2 protein chains.
Amino acid sequence: MATGREIAQLCGVSVATVSRVFNQPETVGAETRERVLRVAKELDYRPNEAARALSTKQSTMIGLVWDTDHRRPGWRHPYLQDLLIGLKSALSAHGYHLLMLATSGDAREVGASLADPVGYVNMTRRHHLGGLVLIDSGSDAEAFGTFAQSGVPCVALDVAVEGPRATYVTSDNAGGARDAVAHLVALGHERIAMITGPQDNQPSQARVSGYRMGLRDAGIPQRAEYVESGDFYRASGTAAAQRLLALDEPPTAIFAASDEMAVGALLAARAAGLKVPDDLALIGFDDIEIASVVEPALTTVSQDKPGFGVAAAKAIMAMITGAGPEAPLVLPTRLVVRESCGGA
Amino acid sequence: MATGREIAQLCGVSVATVSRVFNQPETVGAETRERVLRVAKELDYRPNEAARALSTKQSTMIGLVWDTDHRRPGWRHPYLQDLLIGLKSALSAHGYHLLMLATSGDAREVGASLADPVGYVNMTRRHHLGGLVLIDSGSDAEAFGTFAQSGVPCVALDVAVEGPRATYVTSDNAGGARDAVAHLVALGHERIAMITGPQDNQPSQARVSGYRMGLRDAGIPQRAEYVESGDFYRASGTAAAQRLLALDEPPTAIFAASDEMAVGALLAARAAGLKVPDDLALIGFDDIEIASVVEPALTTVSQDKPGFGVAAAKAIMAMITGAGPEAPLVLPTRLVVRESCGGA
DNA sequence: TACCGTGATGTAACCGCTTACGGTGAAACG
DNA sequence: CGTTTCACCGTAAGCGGTTACATCACGGTA
């Protein structure tokens, strides 16, 4: 590995000049600049990031905090891949890398999931990270609060946080849910039930309130027995649907807070001998891959998956370059009409 | 941020001693060691990783090379999330982090996918990465070769590479395919067709040879017209299945090299008015989530998804700690029998 | 001609940690 | 009692950059 010093010697200049060529080119004479650049290329020079970080007290990395929630072992983020794609590409444009933080070595105790937010914050300092991106793994609101308050720039996904240099990005969950209900209403439904996600999950809460708004918009009275709670998993969707279908006056349409649960509900309906969408309309949320494969294909509320990553990257970069915390970003959702509600 | 120097002063020792307390504890007197440790804790001391890396010429990060293939824009890795979970946890156990490398800033030209393997290698040197993990994004065999030859420790996933310090991990694709065929044979099928993945994709190639082995095992003659090629996408599965079903003597069973294509084939069968599994048996590969949701649920060859990550981490760590390249790792597969082949 | 501002470059301190090497004192040895 | 051994610890030289400050040459100005 060629070092700046070597280049300096070959060019007959000082290391300071070499450094300036790369960081403040305009302060260097055109001729020497070219010379340095040429030699650097010949030697395939690459600045040592560790040295640079040590000196400048900042790196070109931002940390990714993503733990699988030990309380929901089987849980998978519905669109992690797309999110990462967006995040990575947006970050790359600024020359930044994504560091997937390991929980501090000694935190591999039982249920270490986000057990030690402080550990991550320390990692941030140790590595001079520019900031943190927090991926929601179900219900980490409390833990995320610690991050947000720590003072390091951070942006959370799908969890509302606030702090001196923190913000978050989320979908317009309420709006999406409202649209879903409106769609159902437009198709003539009045007995519309909902299967919620975990109580402490913010997107789920927003979807519930969107559901209520939708009913209110249509002047449909709300019924407590039409709101069943699930946990985003498929099985809970099945169970909730069974309870709903067993009501004296069962709903004619069900809006599930996740596609997984909608699929679960679909199974329940099928088991109950009901035809979807004829006997029961079904609508989900997320637009995961499965949604387009089940029979009938699921009408659902689609989120801008790579958009999450891109928005997060932008927010982080903005904070790094000095700006204060941005206002929370709310991504638009889009209703994808397929077959599970009929009315094509 | 407290520094080693501060601790040294407070303890009345030299910085060297402080450093030794953390790196070679046994060379420090018990009493001073305790003292240093105590003060370090009080000050919430965290060693500066940049300084450490600069000095030792090695970091505790390993790079992740994962590009979305521009030739297959919609392509998604079938189980990236599980893979990352395994990778991250296994790496964490060694105190290592995963750095998702951005393509070198200027490589965001059109089709920058893995366009510049050298760029990644340079990143490796700039950051003193311990090694690289290469995730196959469809067919990067050539590019991966460059990495493997570069001398940095690297382990590829699902792509065979060889180099001074390179190895790879993959599933027993041939074995899994063979099992799938055997399963079909056991159910009485003789006219067994296959839908392959891309020609240049190694796992696909192995699955094809496994398919052939399976037929040979059963003494069933191979028919060229029974091998249709796809690209792992669903649509190609549909198309291939249509061609197969249009044959004078159509197959009674189809083995697809991916679940996506199997689902595609399922759609084709459905469109053709064929009942699965009664009129046509279907079997896939990967065991992605969709497999268990389609109707009928897909019998498929399951891979040890987190196992990939764990194996990769182990291989990397082994190479970092001096050992030469490990022998390629082949993970066992498991046939998951569901409904698409009947014979429950 | 003396003076000054300015652009280009060099000097050197510093970032925080690791480690080869050397020094010290006490215990062990002859 | 002199000498060796060894455990323990300090000294100081890096690692490879960045950057405040000093220097110097030069053209413009009074």
Side-chain angles (χ1 to χ4, degrees), chain A residues 1-40 43-61 95 122-130 320, chain B residues 1-40 43-61 95 122-130 320:
Chain A
M1 284 290 282
T3 71
R5 187 191 314 282
E6 297 178 39
I7 296 185
Q9 286 173 343
L10 285 184
C11 291
V13 299
S14 72
V15 291
T17 300
V18 173
S19 176
R20 277 190 284 259
V21 166
F22 294 104
N23 300 303
Q24 315 157 46
E26 66 284 358
T27 71
V28 178
E31 194 226 357
T32 45
R33 192 193 320 141
E34 296 309 325
R35 189 149 34 100
V36 168
L37 249 20
R38 188 166 42 72
V39 174
L43 267 53
D44 192 34
Y45 168 71
R46 305 291 159 177
N48 181 319
E49 293 297 334
R52 189 200 284 262
L54 176 60
S55 181
T56 64
K57 298 176 189 306
Q58 52 178 303
S59 72
T60 56
M61 305 184 289
N122 284 329
M123 283 299 169
T124 307
R125 300 206 200 287
R126 289 171 68 142
H127 291 275
H128 292 302
L129 301 183
I320 289 178
Chain B
M1 283 291 281
T3 70
R5 187 192 313 283
E6 297 179 40
I7 296 187
Q9 287 173 341
L10 285 186
C11 292
V13 298
S14 72
V15 291
T17 300
V18 174
S19 176
R20 276 190 285 257
V21 166
F22 294 106
N23 300 304
Q24 317 157 44
E26 66 283 357
T27 71
V28 178
E31 194 226 358
T32 45
R33 193 195 317 143
E34 296 309 324
R35 189 149 35 101
V36 168
L37 249 20
R38 188 165 43 74
V39 173
L43 267 52
D44 193 33
Y45 168 71
R46 305 290 159 178
N48 181 319
E49 294 295 336
R52 187 200 284 263
L54 177 59
S55 182
T56 63
K57 299 178 188 306
Q58 52 178 303
S59 72
T60 54
M61 305 185 290
N122 284 329
M123 282 300 169
T124 307
R125 301 205 199 287
R126 288 171 69 140
H127 290 277
H128 293 301
L129 300 184
I320 288 179

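Computed from a predicted structure; not experimentally measured.
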Under 4.0 Å between a side-chain N or O of A:T32 and OP1 or OP2 of C:dT9?
yes
Would you mind telling me which of D:dG16, C:dC17, C:dT18 lies closest to the side-chain atoms of B:S19?
C:dT18
Tell me: CG of A:L54 to C1' of C:dC14, nearest whole Å?
9 Å
Looking at every strand, decide which applies to A:T56 at a 4.0 Å heavy-atom threshold: base, sugar-phosphate, or nothing.
sugar-phosphate
Which one, D:dA12, C:dC15, C:dC17, comes nearest to the side chain of B:A16?
D:dA12
Against the side chain of B:V15, the closest entry in D:dC9, C:dC15, C:dT18 is C:dT18
Measure NE2/B:H128 against C1'/C:dT18 and give the value in whole Å, please.
13 Å
Here the gap from A:R35 atom CZ to A:T32 atom OG1, rounded to the nearest 0.5 Å, amounts to 6.0 Å
Once you apply a heavy-atom cut-off of 4.0 Å, does A:S14 come out as touching a base, just sugar-phosphate, or nothing?
base
Classify the side chain of A:R20 versus the base of D:dG17 as yes if they form a donor-acceptor pair under 3.5 Å and no if they do not.
no
Sugar-phosphate only, base, or nothing, as touched by B:F22 at under 4.0 Å among non-hydrogen atoms:
nothing
Below the 4.0 Å mark, does D:dG16 have OP1 or OP2 next to a side-chain nitrogen or oxygen of A:R5?
no
Between D:dG16, C:dC17, D:dG10, spot the one nearest the side chain of B:T17, thanks.
D:dG10
Can a side chain N or O of A:K57 be found less than 4.0 Å away from OP1 or OP2 on D:dT18?
no
Look at the side chain of B:A51 and decide which nucleotide, out of D:dG17, C:dT9, C:dC17, has an atom nearest to it.
C:dC17
Nearest-Å distance, CZ (A:R126) to C1' (C:dC15)?
17 Å
On DNA chain D, compare the nucleotides closest to B:E26 and A:R46; which residue's is nearer the 5' end?
B:E26
Between CD of B:E49 and P of D:dG17 the distance, given in whole Å, is 19 Å
Which heavy atom in B:A53 sits nearest to a heavy atom in B:H128, and how many Å separate them?
O-CD2, 4.1 Å
Classify A:V28 by what it touches in the nucleic acid, base, sugar-phosphate, or nothing, heavy-atom distance under 4.0 Å.
sugar-phosphate
Specify the separation, in whole Å, of atom CG of A:N23 and atom P of D:dG16.
17 Å
Mind checking if A:V13 touches a base, just sugar-phosphate, or nothing, with heavy atoms under 4.0 Å?
sugar-phosphate
Checking C:dG16, C:dT18, C:dC17 against the side chain of B:Y45 (C-beta onward), the nearest is C:dC17
In this structure, NZ of A:K57 is separated from CG of B:N48 (nearest 0.5 Å) by 7.5 Å
If only side-chain N and O atoms of A:N48 are considered, is one of them under 4.0 Å from the OP1 or OP2 phosphate oxygen of D:dG17?
no
Separation of C:dC14 P from B:M1 CE (nearest whole Å)
20 Å
To the nearest angstrom, how far is B:E6 atom CD from C:dC15 atom P?
11 Å
When rounded to the nearest 0.5 Å, the distance separating CG of A:D44 from CE of A:M1 is 8.0 Å
Knowing that exactly one of B:V21, B:I7, B:V18 qualifies, which makes a side chain to side chain contact (heavy atoms under 4.5 Å, CB included) with B:L37?
B:V21
For atom CD of A:Q58 and atom C1' of D:dG17, their distance in whole Å:
14 Å
So NE2 of B:H127 and CG of B:N122: to nearest 0.5 Å the spacing works out to 10.5 Å
Candidate nucleotides C:dT9, D:dG16, C:dC17, ranked by approach to the side chain of A:T3 - the nearest
D:dG16
